[in-house]
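As structure tokens, the structure follows; a few thoughts come after it.
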Amino acid sequence: MSSSGSDAAPPASSLPLFGEPFTADGTAATLQPSPLLSSLNGEQLAAVTLPQGHALILAGAGSGKTRVLTTRIAWLLSTGQVSPGGVLAVTFTNKAAKEMMTRLSAMLPVNVRGMWIGTFHGLCNRFLRAHWKLAGLPQSFQILDTQDQLSAIKRLMKQFNVDDERFPAKQTQWFIAGAKEDGLRPGDVEARSEDDRKKIELYQLYEEQCQREGVVDFGELMLRSYELLRDNDAVREHYQRRFRHILIDEFQDTNRLQYAWIKMLSGQTDAQGRFTPAPHSSVLAVGDDDQSIYAFRGARVGNMQDFVREYDVQRQIKLEQNYRSYSNILDSANALISHNKKRLGKNLRTDQGPGEPVRVNEATSDFAEAQWMVEEIRHLVREDFERKEVAVLYRSNAQSRVIETALFNAGVPYRVYGGLRFFERAEIKHALAYLRLLENKDDDTSFLRVVNFPPRGIGARSIEQLQDAARARGISLYGAIAGLPGKAGANLSAFAARIDVLREQTQGLSLKEIIELVLDTSGLEEHYKADREGADRLENLAELVNAAESFVTQEGFGRDAVALPVDELRQSLASQGIDPSRAVLDEPLAPDAETGETLSPLAAFLTHAALEAGDNQAQAGQDAVQLMTVHAAKGLEFDAVFITGLEEGLFPHENSMSDVESLEEERRLMYVAITRARRRLYMSFSQTRMLHGQTRYHLRSRFFDELPEEALKWLTPKQSGFGQFAPGGAARAGAGYGASSGYSGGYGGRNPGWSGGGQAAAPSAPVPRKSEPSHGLRVGMQVFHNKFGEGAVLALEGTGDDARAQVKFGRHGVKWLALSVAKLTPV
DNA sequence: TAGTTACGGATTTTT
DNA sequence: TCCGTAACTA
């Protein structure tokens, strides 16, 4: 599966790509057409070389959006219009961020890792790690994922005796997340009902609980960052001055808060709410309103219109040239989406011919539909389609079952997207919970997860008792253990002691050794060894050790966690004619710039685990048919695509048929599905379908009536869509063929690093090295630090710019120090 | 404390 | 139907 075939740039050629760099003042616009620029079409070239200022790019499906974004950054850098430190490029997924960095580093010898390219949450995390004190967080705050958040809320509701019939925890979670997406604190939420009042109260209590425990959820990462920028003039002005070029990917998917965050970084809002962009900033928003399919999680297409208005955008560019599909496919997509009223307006075109017609099939049952599909896939394989270039798309996950069964019985290899990701697996979460307790003993969510796992005789009773004590004293569960009487107290004390000993023992150990020790001492390994069905879980735990190892050696641990590389920041400011010694930089802004104190590798790894849940499937290399929801297919493309279950009530979904807005989103979803196909597109629907244990009768989707008849070829006679019902196919249960466990997260680090330019020093080698690092420190050495005084080196990790040392100081305790920043002199 | 049963919910998903 | 969670029982 290539996520970006037609999008791909020609193989990066050698430098120079852009002809002569600009003069230092960045004004000389005498750009020589370079091989890379000249391979862009007119629209793309215009977008890449946009002058200073704010702009909106409407990038149609398959129009080379990512290529434009990355080439734009490369162009800005290579023409000297901005330094790497002055660029902020933000995306939604780690995958997209990684893609951007990979492509950029293929174009320019730039240290992409040091640049602010990442996801909204990843960048906010980086920001908060740098300014934890100002943000009111503990230095090693932990990140709650959605599961953790839900269990925290459940715990809270139990504690305050909230009726979970009337206020389901899920709903409370939804309420809180929604409020944060809108940038609202409990006090800001308007109560429209008695129930609202209760939810606001819960929100308030939840916040207090998180703060007490030193944890933040995903929404909090964004909201805290936003608030710090809003409330601290020095911080805001600093970053505003720094980020001269802000680029936003998938802008149509931004929520209110994300847009507000962008505005904080690039302008001022006055008391009347009027926004004025900062004069020296350039914001480039790239998106496609026709592909906005995430309203349900807060995406707000309206941000596009607001952006144009509030930034007084003078330049809008449409990328309408499609490099992916034949015109029968594009005509279908264009015709369909033209039925949406609320659009910015855009029409895809291609130079390729019409290609094959879109094939339409009507089946009598979901079972028959799957059978037909299996047959077609066999034909495709005979016609030399690769299996991995064939995708089966559906509206909801439940539909995969029949399809899987049919494929399984036919012996066709397949792979299902979705499901649990590596870091979400129970055994992994258990292991991580132990690790988190080492970093932060007040993390009650982690505490509760493992206090009795593996079972050690600490039952619900004991825990209740402990919770009462903790609540009465307003402290964490861990803290409340001391002084608890009876057998419960003894058991719990033993547990606490165990964790304390573990924490002591891990000092001076490498991340890998820490995890191995934890797996062993916690009893997790033993527990799964004793379990007949624990083999997979054991394997995953072993994989966790590997993941940690690659995190340290390859990924460059702390990429997400470390704040600004201070040297680079200084240099960047100097190059902009700003005196780097100004207080605004040194004081509140870069607290660890003084001491070089940094996150421990463990804390960095935990952050990584929370922000990047990992892939959900192994065997990515296998040639297998791809099964996924339409949502999951966004951004991907395939030679052949099946869109299945095109029935009223299913696609469009029944919950989204009543109002125009959500129906239009369903249509956009269909638009996304159609535009995934390169050569061949199938659409199918069925008269009957098993749903929730009942046979349902469906009409064919209204979307068929919105497609151009001349682009379609009906494999079955086009009829009413209501046929005589066939006896429902008895679907047999079958084990998934492609189902598998295992971690295949992206640790295949590959960063060429610097190879030129007079900027930072060369970072770590791409290949893990065991050779002696250059800093000349060794474990056991006595060293001196300006702030912390004399100490002993306990451990060393990483190489080059990533090198860090764990040092035990007399008065200041154990600290992790980044050697590129901290001045450590051997005594 | 584990193993069983009963119940409810049931688009879409990343961080 | 079929999954996960919560309550119940041995």
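The figures that follow rest on heavy atoms only: side chains count, while hydrogens, waters and symmetry mates do not. Just so we're on the same page: letters track the sequence lines, and every chain starts at 1.
No cation-pi contact links R436(A) to F447(A), judged by a cut-off of 6.0 Å to the six-membered ring centre and 45° from its axis.
Backbone-only engagement by I458(A) is indicated by non-hydrogen atom pairs under 4.0 Å involving sugar-phosphate atoms exclusively. Residue E666(A) is classed as a base contact, given a heavy-atom separation below 4.0 Å to a base.
Here R401(A) reaches the OP1 or OP2 of dC3(C): one of its side-chain N or O atoms lies under 4.0 Å away. Contact check, K154(A) against dA6(C): a side-chain N or O comes under 4.0 Å of OP1 or OP2. For the OP1/OP2 pair of dT1(B) and a distance below 4.0 Å, the side-chain nitrogens and oxygens of N452(A) include at least one atom meeting the criterion. For dT11(B), the OP1/OP2 oxygens have no side-chain nitrogen or oxygen of N397(A) closer than 4.0 Å.
Counting atom types as modelled, T146(A) pairs a side-chain N or O with a base atom of dT15(B) as donor and acceptor under 3.5 Å.
Taking a centre distance below 5.5 Å and an interplanar angle below 30 degrees as the stacking criterion, F92(A) does not stack against the six-membered base ring of dT15(B). Stacking between H653(A) and the base of dT11(B) is present: ring centres sit under 5.5 Å apart and the planes differ by under 30 degrees.
In this structure a side-chain-to-backbone donor-acceptor pair under 3.5 Å is present from S686(A) to D366(A). The main-chain N or O of V672(A) is found under 3.5 Å from a side-chain atom of R676(A) such that the two form a donor-acceptor pair.
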Could you walk me through whether D164(A) and K154(A) satisfy the salt bridge (charged side-chain N to carboxylate O under 4.0 Å, His left out) test, starting with their C-alpha distance in whole Å, then the side-chain angles of each, then the deciding distance to 0.1 Å, before giving a yes or no? CA-CA 9 Å; D164(A) 57 356; K154(A) 281 183 179 165; over 6 Å; no
